[in-house]
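Reminder, nothing fancy here: chain letters follow the sequence lines and each chain counts from 1.
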Amino acid sequence: MGKTMKIALAGEGGQGVQSVAEILAEAANEDGKQALYIPNFGVEQRGGVSIAYVQIGDENIGAPKFIAADILIPLSPRAVQRTREHAGKNTVYIYDNSLIQQAEVNDHIVGLQYFDVTPPNPRSEQPNRDLPQDLIAGEPKTASFMTKSQGVRPEDIPEVKKVIAIPANDIAKNELHPRVFNVIILGAVIAATQILPMDSIKNALETKLGAKFNANPALRDMNFKALERGYELVHSAM
Amino acid sequence: MQELEEDGILQPAMPSCWCQETKPHKFCPGCGHGIILKVLGEAIDELGIKDTMVFGCDIGCSLLSWDLFSIDTVQTHHGRTTPVITGMKRANSDIIGVAYMGDGGGYAIGSQHLFNAAVRNEKITILLCNNCNYGMTGGQMAPTTLPGMKTETTPYGRDVSETGYPTKGPEMVAAVAPEGAYVARGTIANVRQLKGFIKKALENQIAGRGISFVECLSSCPTNWRTNAKQTWEFVEKDMAGFFKVGELRGSEVKEG
Amino acid sequence: MAEVLLQGEQRVFMTGNEVVAWAAVAAKADIMYGYPITPQNEIMHYWTRLAPKHGKRFLQVEDEISAGFTTVGGVMTGRKAFTATAGPGNVLMQESANMAEMMRVPIVYVVQQRGGPSTATVIYAQQETTLTCFGGNGEGHRLVYSTATHQELFDYTIKAFNMAWTYRFPTFVLGDGYQAKMRESLTMYNPEEKGIQLVKPVPLLGDTTKPERQFKHLRNTYNTEDELYKVVMNNQRDWDNMAEKVVEWDEKGCEDAEVILLTHGIVARSAITAYQQLRAEGKKVGFFRPITLRPFPGKELKEAIKNAKKLLVAESAYGQFLKMVQNNIFGSQIEIVPLLRPGVGITTEEIVAEYHKLS
């Protein structure tokens, strides 16, 4: 029985963890692997923590959710608290130790029941043109990164196999662009899992954002740079 | 209309789309349903739409019409005839769909369906029998019970400060239905006019213009506990005094 | 009218709601009626995108009562019509399901269960099991498929239309919020290319292509006890006859099992993984899962558990499935160990842990 890799990503609404998970799962599927992605969703409360569960493997995948993650990536201090149960003794734990920003979720997020769950329809042409683009891109314009983070308290980090701290937010803000924060994370996940080649992720990004990339090639460079930056951060630490 | 005289005996005049085997019908003596359904039958005969029609009836006394016509008929749940006929018409637009209901079905339990069918301008015909009370369940207050009127649940008379005023259905439908709607209120006290309204309501659907809604002022001597004279007085004076008879929308629709 | 599209087999990766919309297209459904409620909304979203391309229709109505009854109306005209709902919407839709039971209207409902009771969560549960199987003032004359994977959502949605139109009982595809929202791969296909014959719908009323037809009076109201008894018993006989032909289940390793894991729907995924893990460790464990909850594979379950000592029943509800199990294995002395978690998911780890508590 081939092992199924269990990945849990958690972050504040607007940090884009669901898009990371979605792209990851789609890339794995395109790569011929079995993949399953399920967001936690709900009538999101203001400032809710959003978790994405992804499993990738060679065999059919069982339950959509799991307790112990192989890779656990909480991206805010609250996400660290919220994902405590997913940290096991074999977990590789990647967290964001940036000090700059934490998402602040706007009021109107309340009542958006499918918040963070994007329904693209890959079989029709431009199927989502009529859907709210801010929801589709997985970066709902419902969050701003304005407040200063308290930072993750070291004593909150659970006991796991390996802990890797990456200042993704700081890098996004200072070196690239705040909006590619989640792409840095995507790169980090690829490095941590070693289950997919970088090219398949690039292809998945291309599929997802190709139109935007073509309209603005600088965007492609920015995203791929973020992807590689994230990869290096974790790869050098593994 | 069939031959009136058979074997030298004068027969009751019945529309040919009425199902002879199920006659006499099941309504109480003096009930207005029979009159409304007779003029409906005559209109169907004249328009020759029997074969493309589906007749839907509600719960309440209107359900007693479930075998009245020689026409495809579905008896539904209380208040749900509008959505059932809507669903049919949306699935097969060749059907002429007629939803028949009482004031409880249309203005109380199924009011959201009537309202929204009107807003969507569903290409169906809704006929509603207003007899100021719930007949089949024994004469309780209905949305249309007149102020001060005694029913089983308003034994001292309907107190409008507690229960509000009677629902004016055609006025509501006329207010919300888009262009193409036909809305009227007729009465069994003026059969010729009522038939004209019902026929126009059917023609409006045949032409695919929009929703057609006709409320019919009717009688319920059994629950009103009235004799013939009192019954007619109530229909002609009390009811017509409160519920204004006439066309509210689409009066330009020509009689066929 | 433009017709289908699906050719050959296509491996796709999508959400369960999207799968349902595609399956309805593959089953040649004609029209969907709907009212928004999470987590089934995307079934409508995808259907409304797909429908116009394939000459199909959609009507958004004022509530789930109307969604149910407009669907009944559509089915009566001989169109393959369906609707989808969840939670409180499922409660409202039971009224139309009742009428469909009584009048033998082959309506298809897709239910993506959410937490209950009341508004509860929009996320997930298996708390609509009793409601979907028995909702209403009748005998539960319906067919209910409890799916576990996207492949099953596709297969059984197509099957639901076929079974509904074959046996003329309302048919439910019972999914849940997890299945609605998660993404995984499946193979879509054109059923007719695979030799699955699509049952042709026929009008129950209003066949405008046959003006010379004999008119019909369809009713659900009866005057006397005897009249009603005859109708209900007739439906019961038809339902019993159907039951043998449509009942479906899955079982593994029950012959020599001491403990059998008994689940339905998506929880069966956790159970099958637990079964594989425990078997790999040499544990004598079995797996049983009804795919049809109505009719329930009672005979098959009784046979499967006859050598076992314990039955571990896990569900995301507080005993709704358990009651069906108890009812169906009445007389058996087997010890039942329930793992009941209303409104929350059950992981493989939890089932394995529960198993280890047994010994």
Side-chain angles (χ1 to χ4, degrees), chain A residues 1 4 6 18 21-44 52-57 59-69 85-86 88 111-131 204, chain C residues 5-6 10-18 21-22 36-39 41-43 45-46 48-50 53 114-115 119 121-124 148-151 176-185 188 266-277 280 344-351 353:
Chain A
M1 195 162 40
T4 297
K6 300 189 174 84
Q18 302 299 343
E22 194 181 308
I23 291 170
L24 183 65
E26 271 173 16
N29 177 64
E30 283 299 314
D31 218 45
K33 299 213 174 335
Q34 292 294 332
L36 188 151
Y37 153 56
I38 185 167
N40 77 320
F41 61 96
V43 186
E44 288 290 329
Y53 301 86
V54 179
Q55 297 180 71
I56 300 170
E59 309 274 326
N60 282 343
I61 291 164
K65 292 189 181 174
F66 45 80
I67 298 178
E85 65 160 346
H86 299 308
L112 267 180
Q113 296 191 345
Y114 62 48
F115 168 61
D116 249 3
V117 182
T118 63
N121 180 346
R123 331 202 102 248
S124 44
E125 304 152 59
Q126 299 186 288
N128 300 314
R129 208 170 36 191
D130 53 338
L131 291 173
Chain C
L5 65 130
L6 278 177
Q10 282 175 286
R11 186 168 185 272
V12 292
F13 188 76
M14 51 175 65
T15 66
N17 282 337
E18 192 174 0
W22 276 99
I37 188 166
T38 308
N41 294 313
E42 293 87 358
I43 297 178
H45 300 178
Y46 291 117
T48 49
R49 278 159 182 69
L50 294 169
K53 296 180 187 166
R114 55 187 262 168
T119 311
T121 71
V122 299
I123 305 171
Y124 161 84
T149 65
H150 281 12
Q151 190 63 57
D176 57 65
Y178 284 178
Q179 294 185 65
K181 299 281 186 174
M182 74 187 198
R183 284 163 191 273
E184 70 174 349
S185 67
M188 299 207 303
I266 200 159
V267 181
R269 295 173 73 118
S270 310
I272 193 85
T273 314
Y275 162 80
Q276 287 159 350
Q277 283 177 14
V344 294
I346 298 177
T347 59
T348 302
E349 290 111 310
E350 286 163 316
I351 292 182

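Among C:Gln179, C:Arg269, C:Glu350, the residue making the largest number of heavy-atom pairs under 4.5 Å with chain A is C:Arg269. In terms of heavy-atom pairs under 4.5 Å with chain C, the best-connected choice from A:Ala25, A:Ala21, A:Ala28, A:Gly62 is A:Gly62. In terms of heavy-atom pairs under 4.5 angstrom with chain A, the leader among C:Gly345, C:Ala274, C:Ala271, C:Ser185 is C:Ser185.
Partners of A:Glu30 under the side chain to side chain contact (heavy atoms under 4.5 Å, CB included) rule, at least two apart in sequence or in another chain, do not exist in this structure. Residues satisfying the side chain to side chain contact (heavy atoms under 4.5 Å, CB included) test with C:Ala268, not counting sequence neighbours, are C:Thr263, C:Phe287, C:Arg289.
In this structure, the portions of C:Thr348 lying under 4.5 Å from any heavy atom of chain A include both its backbone and its side chain.
The closest donor-acceptor contact from the side chain of C:His150 to the backbone of C:Met182 lies under 3.5 Å.
A salt bridge is defined here as a Lys NZ or Arg NE, NH1 or NH2 lying under 4.0 Å from an Asp or Glu carboxylate O, and C:Arg183 with A:Glu26 meets this definition.
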